[in-house]
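A short write-up of the structure that comes next.
Just so we're clear, the structure is a prediction, and the values are computed from it rather than from any experiment. Both counts, for ligands and for their atoms, begin at 1 and track the order of listing.
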Amino acid sequence: MTSATKVPFLDLVTPHQELRAELLEVIEKALNTAGFIGGPMLEEFEREFAQFCDAKQCIGVNSGTDALRFAFMAAGVEQGDIVVTVPHTFIATTEAISQAGAHLAFVDIDQSTYTMDPEKLREYLEIHCEFDNKRGKLIERGSKRPVSAVVPVHLYGQTADMDPIMELAARYNLIVVEDACQAHGAEYFSKRDNVWKKAGSMGRAAAFSFYPGKNLGACGEAGAITTNDDAMAQRMKVIRDHGQAKKYYHDIEGYNGRLDSIQAGMLSVKLRRLGEWNESRRELAHRYHELFAEAKDSIIVPREAPWTRGVYHLYVVRVQDRGALQTHLGEAAIGTGIHYPIPLHLQKAYQHLGYKKGDFPVTELVATEIVSLPMFPQLTQNQQKEVVSRVMEFVLSKVGASC
Ligand SMILES: Cc1ncc(COP(=O)(O)O)c(C=O)c1O
């Protein structure tokens, strides 16, 4: 290993080079048949991805953001309703809620899994809301708005703790839409049902992103919704296609939100490799855990809760002074990221909601300490060792400095 070893944060070139012939075949097929929109490649991918997620239906759409928005609309979230989610997620989760005409409410995350804390959800529903028997709905006391849905985000490739969330949702008649945009293939052990369940098979619907850097990424923009509800699937097909089930017969105003056939065909090619890629991510994560063991409390490595089998979309550690760590790694040509530096409730875009610093302390603490290290299936052992040795170098210099 030389000091010149470069480690990208993500390598998107190698997997596409490996699959080049199969991917080009998809383009050839589309060119030869002019099958660009809809058709067999889309239908085949939808069937395969539904099966992969243990869901009855999959509806291909053009992004994870639209997948969420269409799911809210088709599930019956209405203008002015409240949808509850976490402030520690990518803004697309909350953009989709607002774009569906709903209002946001946040609850904090759990400090070891970084996903929705079911206890915080319970507190919000029990303390800040009351059931209106006349309307048959849960109402937020302050705003008097009905609370209609909850969005657990399976962040970094690990599912939220779904049993208690599903129980609360059932008790208060809330729609659950999983944000599975970072969790293709992640699993959750439901103690209630004594069975492992796939991300995308638990809520009323689930949204997936196939943005190129995701565990299953397209060669452009793409997304999908999975559901076990046939009627809802049909509504989402109509919404994604200008509100028409039959060409030029528009039952509602919809969107141009379709998944194009070339992307669908390419996703089918890559889906065949997803199991192997996810396994490789899990092995890399476990090796990172082991190699960082001697750093003890100086680095908090991701904790995989016993009820989850994560797919490590990201490998996120927590350290003091993460800006200096990023600089140190940058000087060694090692790529890093921060997912995400500013909690959503403190973003300028949400100033009007009136949240303030201190409202979600776990999210706020985590946001100051997290760093995402290189994580992709083709990361070599040497590259990984280089990352670890540079991180350890940094951590030990800090320990030395404080002695
Ligand atoms: C948690 C989460 N939700 C939603 C999205 C939105 O997906 P897309 O970029 O495909 O619209 C993303 C994508 O980065 C995401 O990470």
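- When Lys214, Gln182, Glu221 are ranked by how near their heavy atoms come to atom 13 (C) of ligand 1, first place goes to Lys214.
- Side-chain atoms of His313 and Asn215 include a donor-acceptor pair closer than 3.5 Å.
- Looking only at protein heavy atoms, the nearest one to atom 9 (O) of ligand 1 is Ser209 OG, 3.9 Å.
- Remark: the Asp81 side chain and the Ser148 side chain contain an N/O donor-acceptor pair separated by less than 3.5 Å.
- For atom 15 (C) of ligand 1, the closest non-hydrogen atom of the protein is Cys181 CB, 3.6 Å.
- The six-membered or imidazole ring of Tyr156 lies away from that of Tyr312, with a centre-to-centre distance of 6.0 Å or more.
- Considering only non-hydrogen protein atoms, atom 3 (N) of ligand 1 sits nearest to Asp179 OD2, 2.8 Å.
- Within a 6.0 Å sphere centred on CD of Glu167, other residues, nucleotides and ligands contribute more than 12 heavy atoms.
- Among protein heavy atoms, atom 6 (C) of ligand 1 sits closest to Ala92 CB, 3.4 Å.
- Residues His154 and Tyr114 place their aromatic rings such that the two centres sit no closer than 6.0 Å.
- If you look at Trp307 and Tyr188, their ring centroids are closer than 6.0 Å.
- When the options Thr93, Val61, Thr89, Thr65 are ranked by their closest heavy atom to atom 11 (O) of ligand 1, first place goes to Thr65.
- Both the backbone and the side chain of Ser63 come within 4.0 Å of ligand 1, counting heavy atoms alone.
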